[in-house]
**Student:** 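Handing you a structure now.
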Amino acid sequence: MLLGVIADDFTGASDIADTIAKGLPGRGGLKTAQFLGVPAGPARDGIEAGVVALKSRSIAAGEAVAQSLAALDWLRAQGCRQFVFKYCSTFDSTPEGNIGPVAEALAEALGVTGVVACPAFPTVGRTVYQGHLFVKDRLLSESGLEHHPINPMTDPDLRRWLARQARRPVGLVPWQTSRAGPGALRAALDAAAARGETLVIVDAIDDADLLTIAEACRDDRLITGGSGVALGLADGFIRRGLTVGGAPTVPGVPGRGAILAGSCSGATRGQIDRHIATHASLAIDVDAVMAGRTTADDVAAFLLTVPDAAPLAYSSATPEAVRALQDRHGRERVSAALDGLFAETAVKLVAGGLRRLVVAGGETSGAVVSALDLGALTIGGEIDPGVPVLVSDGTDPVALALKSGNFGAPDFFEKALLRLEGRS
Ligand SMILES: Nc1ncnc2c1ncn2[C@@H]1O[C@H](COP(=O)(O)OP(=O)(O)O)[C@@H](O)[C@H]1O
Ligand SMILES: O=C(O)[C@@H](O)C(=O)COP(=O)(O)O
C-alpha cells in the first residue's frame with residue numbers, strides 16, 4: 001500500500017476514497033479500498049490506497065486519538081509511505097475536538113510539524129480564505145451548519161476554532177502564499193514548523209490550490225484535511241512511477257434496494273422532498289421511536305414489502321423540529337436511538353435479501369455500516385462528487401452509497417440506486 005487514510009467518519013471515508021480512486025481526469029487513480037474500522041489482519045493484495053473509516057468524529061477526544069493511532073499503526077504495517085487524516089469539509093468538531101487532538105497525536109507519532117490542515121473542497125463549494133471557511137457564498141457559521149444536530153459550527157475562523165482544540169500553536173498560510181505555487185507553500189510550511197506550529201491552516205479556493213498543496217507536500221508523511229487535499233496525491237505516485245493508475249470499476253449488484261436518511265442537512269431534506277413526490281416513503285415518527293412504539297421491525301417491513309424500486313425511510317427534520325425533539329428527549333438520546341434504529345433496520349434489510357442500500361448522513365452511515373459488518377469495501381465509480389459506489393467483498397456482495405449529509409444533486413437517491421445496480 002502506498003497511501004493510508006484515517007477518516008473520522010464513514011461518509012467522509014468514502015468521499016476521500018472516491019477522490020483517490022478516480023484521480024485526475026485522464027490520468028486515473030489508485031486501487032482503493034475502504035476498511036470499516038481497523039482491520040484485524042493484513043489487507044488483501046493489490047490495494048494501493050487504504051482508507052480506514054472510523055466513527056471518531058463525535059466521540060471523546062481521548063478515544064478518537066487512541067483509535068486513530070491504532071489505524072496509523074495498521075496502515076504503517078501495510079507499507080504506506082504517506083498518511084492523510086481526513087475530516088469534514090465543514091470542519092465538523094467541537095471546542096474539545098476531535099480534529100486538533102487527533103491531528104497533533106498523528107503528527108507526534110510520525111515526528112512531523114508544519115502539517116497542512118485544509119478542509120477545502122471547492123467542487124462542493126467549501127473554500128478557505130484567510131483561514132475562514134466558506135460554504136458556497138456563506139461563512140460556515142451562516143451556512144446552515146450552525147444548526148448541525150451534533151456539532152453546531154458557530155465559528156468560521158478555523159485558526160481560532162482549531163486553536164481551542166490544539167495544544168500547540170496553530171499557523172496560517174494565506175492564499176497569497178499558497179497561490180504563489182508549491183515552492184512558496186513549502187517554504188511557508190517549513191517556516192511554520194520552525195516557529196513550532198504543528199498544524200497550519202492553508203488557504204485554498206480552487207482545485208489549482210489543492211494541486212499546489214499535493215505538489216508542495218509530495219514527500220510529507222502527514223497531510224490533514226477534507227477530501228480535497230487528496231486531489232493530486234494519486235497522481236504524485238503515478239508520476240513517480242510507483243503505479244500506473246487506472247479507473248475504478250466494480251460489478252453492478254442486482255437485488256432489492258432501499259434508502260435510509262438520518263441526515264437533517266438542507267441538501268438531504270431537498271433530496272427527500274424530491275424523492276417522496278414519486279416514491280413510497282416512511283417518515284419516521286421520532287417521538288414514537290423514543291417511546292418504543294416504532295421499531296426497526298416496522299421500518300424494515302415497510303422497506304422490504306412496499307411495491308416500489310426505491311423506497312425511502314427517513315427521520316430527517318427541519319432545524320426547528322430537531323431542536324424541539326432534542327429539548328424533549330435530550331440530544332444524545334435522540335441521536336443514539338435513531339442511529340440504533342437505522343443500524344438495526346439495515347441488518348434486518350440485508351437478512352431479508354436487500355442488496356443495494358443508500359444511506360444519507362455520516363453518523364447514520366457509521367451506525368449502519370458498523371452493524372452490517374461487511375469487511376472491506378471496494379471503491380467503484382462516482383455517483384455525485386464525494387460519493388462513490390462501494391461494493392463489499394465476497395460471493396454475495398452488498399452495494400452501498402454512503403452520502404454525506406450535504407452532498408449530492410437533488411435526484412441523488414434514485415440515481416444512486418441505479419448506479420449501484422450498474423445502470424446509469
Ligand atoms: N428528527 C431528528 N431529530 C433529532 N436528531 C435527528 C433527527 N434525525 C436524525 N437525527 C440525528 O442527527 C444526526 C445527523 O447526523 P449525520 O447522520 O452525521 O448527518 P450529516 O451527514 O448531515 O451530518 C444523527 O445522529 C441522527 O441520528
Ligand atoms: O468532507 C466532507 O464534507 C464529507 O466527506 C464529510 O465528512 C461529511 O460528513 P457528514 O456530513 O457527517 O456526512
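From a predicted model like this one, the values you see are computed outputs, not experimental measurements.
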**Student:** With no hydrogens and no angle check, do the side chains of Ser265 and Thr268 hold a donor and an acceptor under 3.5 Å apart?
**Tutor:** yes

**Student:** Taking C-beta and beyond as the side chain, do Val350 and Leu372 meet within less than 4.5 Å on heavy atoms?
**Tutor:** yes

**Student:** Distance-only, no hydrogens or angles: does the Glu104 side chain make a donor-acceptor pair with backbone N or O of Arg167 under 3.5 Å?
**Tutor:** yes

**Student:** Please examine the side chains of Glu421 and Val253, heavy atoms only from C-beta on, and report whether any two atoms are closer than 4.5 Å.
**Tutor:** no

**Student:** Please name all residues satisfying ring pair (Phe, Tyr, Trp, His ring centres under 6.0 Å) with Phe35, sequence neighbours left out, ordered by chain then number.
**Tutor:** Trp74

**Student:** Taking 4.0 angstrom as the limit, do Arg355 and Asp396 come out as a salt bridge?
**Tutor:** yes

**Student:** Under the side-chain contact (heavy atoms from CB on, under 4.5 Å) test against Ser68, which residue among Asn98, Val52, Leu54 passes?
**Tutor:** Leu54

**Student:** Quickly, which of Tyr314, Phe413, Phe412 forms a ring pair (Phe, Tyr, Trp, His ring centres under 6.0 Å) with His275? Name it, please.
**Tutor:** Phe413

**Student:** Just so I know, are the side chains of Leu374 and Val398 near enough to count as touching, which here means a heavy-atom distance under 4.5 Å?
**Tutor:** yes

**Student:** Would a 4.5 Å heavy-atom cut-off, applied to side chains only, mark Glu363 and Thr11 as touching?
**Tutor:** no

**Student:** Does the side chain of Asp92 pick up a donor-acceptor pair with the side chain of Thr90 at under 3.5 Å?
**Tutor:** yes

**Student:** Please tell me whether Tyr87 and Phe85 form a close aromatic pair, meaning their ring centres lie under 6.0 Å apart.
**Tutor:** yes

**Student:** Regarding Thr32 and Glu48, is there a side-chain donor-to-acceptor distance under 3.5 Å anywhere?
**Tutor:** no

**Student:** Check Arg57, Lys403, Lys55 against Asp9 for a salt bridge (charged side-chain N to carboxylate O under 4.0 Å, His left out) and give me the one that passes.
**Tutor:** Arg57

**Student:** Any Lys/Arg nitrogen of Asp393 or Arg44 sitting under 4.0 Å from an Asp/Glu carboxylate oxygen of the other?
**Tutor:** yes

**Student:** Examine the side chains of Gln165 and Ser93 and answer whether a donor and an acceptor come within less than 3.5 Å of each other.
**Tutor:** yes

**Student:** Is it true that Asp297 and Lys348 have a side-chain N and a carboxylate O under 4.0 angstrom from each other?
**Tutor:** yes

**Student:** Would you mind reporting whether Leu158 and Pro119 have side-chain heavy atoms less than 4.5 Å apart?
**Tutor:** yes

**Student:** Taking Arg423 for the side chain and Arg419 for the main chain, is one N or O donor matched with an acceptor at less than 3.5 Å?
**Tutor:** no

**Student:** Is the shortest distance from a Lys or Arg side-chain nitrogen in Glu197 or Arg159 to a carboxylate oxygen in the other one below 4.0 Å?
**Tutor:** no

